[in-house]
Asks: 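Here it is: the structure, laid out below.
Quick caveat, the model's predicted, so the values are computed rather than measured.
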Amino acid sequence: MEKETQIFGIRAVIEAIQAGENIDKVFVQKGLKGELSHELESVLRKQRINFSYVPVEKLNKLTSKNHQGVVAQIAPITFWDIEELVTKVTESGKTPLFLLLDQLSDVRNFGAIIRTAECTGVDGIIIQKKGGAPVNGDTIKTSAGAVFKMPICKVDHIKDALFYMQASGIKVIAATEKTEDLLYDVSFTEPCAIIMGSEGKGINPSVLKLVDAKAKLPLLGEIGSLNVSVACGAFLYEALRQRR
C-alpha cells in the first residue's frame, strides 16, 4: 500500500469518511475499545464501508506512524455509479461488454484482469463493496495504469449488478466449470456481462443460479483449473473474436 493512499488514526479516519473521502477499506485493530472506536464502527456501518478487524502486527506493517489501531485505504480512483455507466454505454450505440468480479481477492489478479479488460474493449468492471480485492498500489502496478482508464463500479452485492444487467437487456454469462458448455459454444455477440469467481471458491452458488448462460474452458491437463486472470483473458478474447 502506498503512503499517499493511507489515512491513520481514529479521529482522522472518521473525519475523512464524513468529508466524503473515497475510502476503499479500513483496517481496525482487534479488541479496540473506547468511545471513539464505537463511533468509528457506527460510521463505517452507516456508510457501508468495507472494513475488517486485524492484529496490530498487520497495522504496523501498513504504517510506522501512530495509527491508534486504525488504518484506512483511500481508493486512488473515483468509482462509477452502475446505472450511469450502463446507460452511457447502451446509449453510445456499441454492443456492451461488462465484467463482473464475484469477490476476487488477489490484488495482482485484479490488476491483471483490469489490464486485459482495457485491451479487449470491456466497457466497465463491477465489483462488490465487501470481500473483494481493493484498488491499491499493487493493483495499479499490475494493471500497468489501465485502472485509470477502465470504469469500475462498486455494488453492495454482485447480485445487484446481475439483476440490473438483466433488466437492461444484457445477458449474464458465468465462467464456471459447472457446465458442459464450452465458451466457444456460447454467443458473446449480443450485449453481455461475464462473471468471474474468486480464486478459491469460484462464483457463489446463489449467484450461479441466476445467470443466463454458463461456459467453461477446455482443460486437457491434469490440473482442474486456471488462474482466474488467465481464464478471464481467454473469455474476453473469445468475446472479441466473435465480435470482429
Asks: Listed by chain and number, what are the side chain to side chain donor-acceptor pair (under 3.5 Å) partners of Ser206, not counting sequence neighbours?
Replies: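 Ser206: side chain to side chain donor-acceptor pair (under 3.5 Å) contacts with Lys159, Asn204.
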
Asks: Output all residues satisfying side-chain contact (heavy atoms from CB on, under 4.5 Å) with Thr139, sequence neighbours left out; order by chain, then residue number.
Replies: Val107, Phe110, Ile114, Asn136

Asks: side-chain contact (heavy atoms from CB on, under 4.5 Å) with Pro218: which residues, sequence neighbours excluded?
Replies: Leu182, Leu183, Tyr184

Asks: How many angstroms lie between atom CD of Glu39 and atom CD of Glu35, to the nearest 0.5 angstrom?
Replies: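 The CD atom of Glu39 sits 7.5 Å away from the CD atom of Glu35.
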
Asks: Can you name the residues that form a side chain to side chain donor-acceptor pair (under 3.5 Å) with His67, not counting sequence neighbours?
Replies: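 If we apply the side chain to side chain donor-acceptor pair (under 3.5 Å) test to His67, skipping adjacent residues, the hits are Asn60.
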
Asks: Filter on salt bridge (charged side-chain N to carboxylate O under 4.0 Å, His left out), then keep only pairs touching residues 105-115, sequence neighbours left out; what's left?
Replies: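 Every salt bridge (charged side-chain N to carboxylate O under 4.0 Å, His left out) pair that includes a residue of residues 105-115, provided the two are not neighbours, is Arg108-Asp138.
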
Asks: Do Ile113 and Ile203 belong together in a cluster built from hydrophobic side chains that touch within less than 4.5 Å?
Replies: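 Each belongs to a different hydrophobic cluster.
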
Asks: Please report the C-alpha distance between Lys178 and Leu208 in whole Å, then the side-chain angles of each, then the deciding distance to 0.1 Å, and finally whether the side-chain contact (heavy atoms from CB on, under 4.5 Å) criterion is met.
Replies: CA-CA 9 Å; Lys178 297 175 181 177; Leu208 208 51; 4.0 Å; yes

Asks: Apply side-chain contact (heavy atoms from CB on, under 4.5 Å) to the pair Leu217 and Phe235, showing each step before the final yes or no.
Replies: CA-CA 8 Å; Leu217 287 164; Phe235 270 80; 3.8 Å; yes

Asks: Please report the interatomic distance SG(Cys192) to CD1(Ile170), rounded to the nearest 0.5 Å.
Replies: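 With rounding to 0.5 Å, SG (Cys192) is 8.5 Å from CD1 (Ile170).
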
Asks: Run the numbers on Val86 and Met165 for side-chain contact (heavy atoms from CB on, under 4.5 Å), then give the verdict.
Replies: CA-CA 8 Å; Val86 172; Met165 293 289 173; 4.0 Å; yes

Asks: State which residues pass salt bridge (Lys or Arg N to Asp or Glu O under 4.0 Å) with Lys94; sequence neighbours excluded, sorted by chain then number.
Replies: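 With neighbours one apart ignored, the set is Asp123.
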
Asks: Return each pair, listed once, that meets side-chain hydrogen bond (donor to acceptor under 3.5 Å, both in side chains) where at least one residue sits in residues 232-244; pairs must be two or more places apart or across chains.
Replies: Glu238-Arg241, Glu238-Gln242

Asks: I'd like to check Leu85 versus Asp81 (side-chain heavy atoms, cut-off strictly below 4.5 Å). Are they in contact?
Replies: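 Heavy-atom side-chain distance check fails, nothing below 4.5 Å.
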
Asks: Look at the side chain of Ser143 and the backbone N and O of Ile140, then say whether any donor-acceptor pair between them is shorter than 3.5 Å.
Replies: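 Yes.
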
Asks: Do Val89 and Val122 belong to the same hydrophobic cluster, where Ile, Leu, Val, Met, Phe, Trp and Tyr are linked whenever their side-chain heavy atoms lie under 4.5 Å apart, directly or via other members?
Replies: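 Val89 and Val122: separate clusters.
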
Asks: A side-chain contact here means heavy atoms from C-beta on lying under 4.5 Å apart; do Ile195 and Ile173 qualify?
Replies: no

Asks: Please answer: with hydrophobic residues joined when any side-chain heavy atoms are less than 4.5 Å apart, are Val155 and Leu99 in the same cluster?
Replies: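 Cluster IDs for Val155 and Leu99 differ.
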
Asks: Show the atom names and distances, to 0.1 Å, of all donor-acceptor pairs under 3.5 Å that link a side chain in residues 41-55 to residues at least two apart or in another chain.
Replies:
from, atom 1, to, atom 2, distance (Å)
Glu41, OE1, Tyr53, OH, 2.9
Glu41, OE2, Arg45, NE, 3.1
Glu41, OE2, Arg45, NH2, 3.1
Arg48, NH1, Asp156, OD2, 2.5
Asn50, ND2, Lys129, O, 3.3

Asks: So if you build clusters from Ile, Leu, Val, Met, Phe, Trp, Tyr with side-chain heavy-atom gaps below 4.5 Å, do Ile127 and Leu97 land together?
Replies: yes

Asks: Show the nearest heavy-atom pair for residues Tyr164 and Ser168, with the distance to one decimal.
Replies: O-OG, 2.8 Å

Asks: I'd like to check Phe98 versus Ile126 (side-chain heavy atoms, cut-off strictly below 4.5 Å). Are they in contact?
Replies: yes

Asks: Is there a path of hydrophobic side-chain contacts, each under 4.5 Å between heavy atoms of I/L/V/M/F/W/Y residues, joining Leu226 to Leu104?
Replies: yes

Asks: Start with the C-alpha distance between His157 and Val207, add both sets of side-chain angles, then the distance that settles side-chain contact (heavy atoms from CB on, under 4.5 Å), and finish with yes or no.
Replies: CA-CA 10 Å; His157 196 284; Val207 173; 4.1 Å; yes

Asks: Going by atom type alone, with no hydrogens or angles, which donor-acceptor pairs under 3.5 Å involve a side-chain atom of residues 7-34 and a protein atom two or more places apart or on another chain?
Replies:
from, atom 1, to, atom 2, distance (Å)
Asn22, ND2, Ile77, O, 2.5
Asp24, OD1, Lys154, NZ, 2.2
Asp24, OD2, Val135, N, 3.0

Asks: Determine whether Met196 and Leu100 make a side-chain contact, defined as any pair of heavy atoms from C-beta on separated by less than 4.5 Å.
Replies: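 Of all side-chain heavy-atom pairs linking Leu100 with Met196, none is under 4.5 Å.
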
Asks: Let me confirm one number: the SG-CD1 distance from Cys232 to Ile194, rounded to the nearest 0.5 Å.
Replies: 7.0 Å

Asks: Donor-acceptor check, side chain of Thr116 to backbone of Ala112, threshold 3.5 angstrom: yes or no?
Replies: yes

Asks: Quick check: does any side chain N or O of Gln128 sit under 3.5 Å from a backbone N or O of Leu101, one acting as donor and the other as acceptor?
Replies: no

Asks: Holding to side chain to side chain donor-acceptor pair (under 3.5 Å), I want the full list of residues that pass it with Ser229, two or more places apart in sequence or in another chain.
Replies: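 Listed in chain order: Asn227.
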
Asks: Please, which pairs that meet salt bridge (charged side-chain N to carboxylate O under 4.0 Å, His left out) have at least one residue in residues 194-221, sequence neighbours excluded?
Replies: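 Counting only pairs at least two positions apart or across chains, no salt bridge (charged side-chain N to carboxylate O under 4.0 Å, His left out) contact touches residues 194-221.
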
Asks: Do Gln6 and Leu62 have side chains that get closer than 4.5 Å, going by heavy atoms?
Replies: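 In short, these two side chains touch, coming nearer than 4.5 Å.
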
Asks: Mind checking what makes salt bridge (Lys or Arg N to Asp or Glu O under 4.0 Å) contact with Glu190, not counting sequence neighbours?
Replies: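 Per chain and number, Glu190 pairs via salt bridge (Lys or Arg N to Asp or Glu O under 4.0 Å) with Lys171.
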
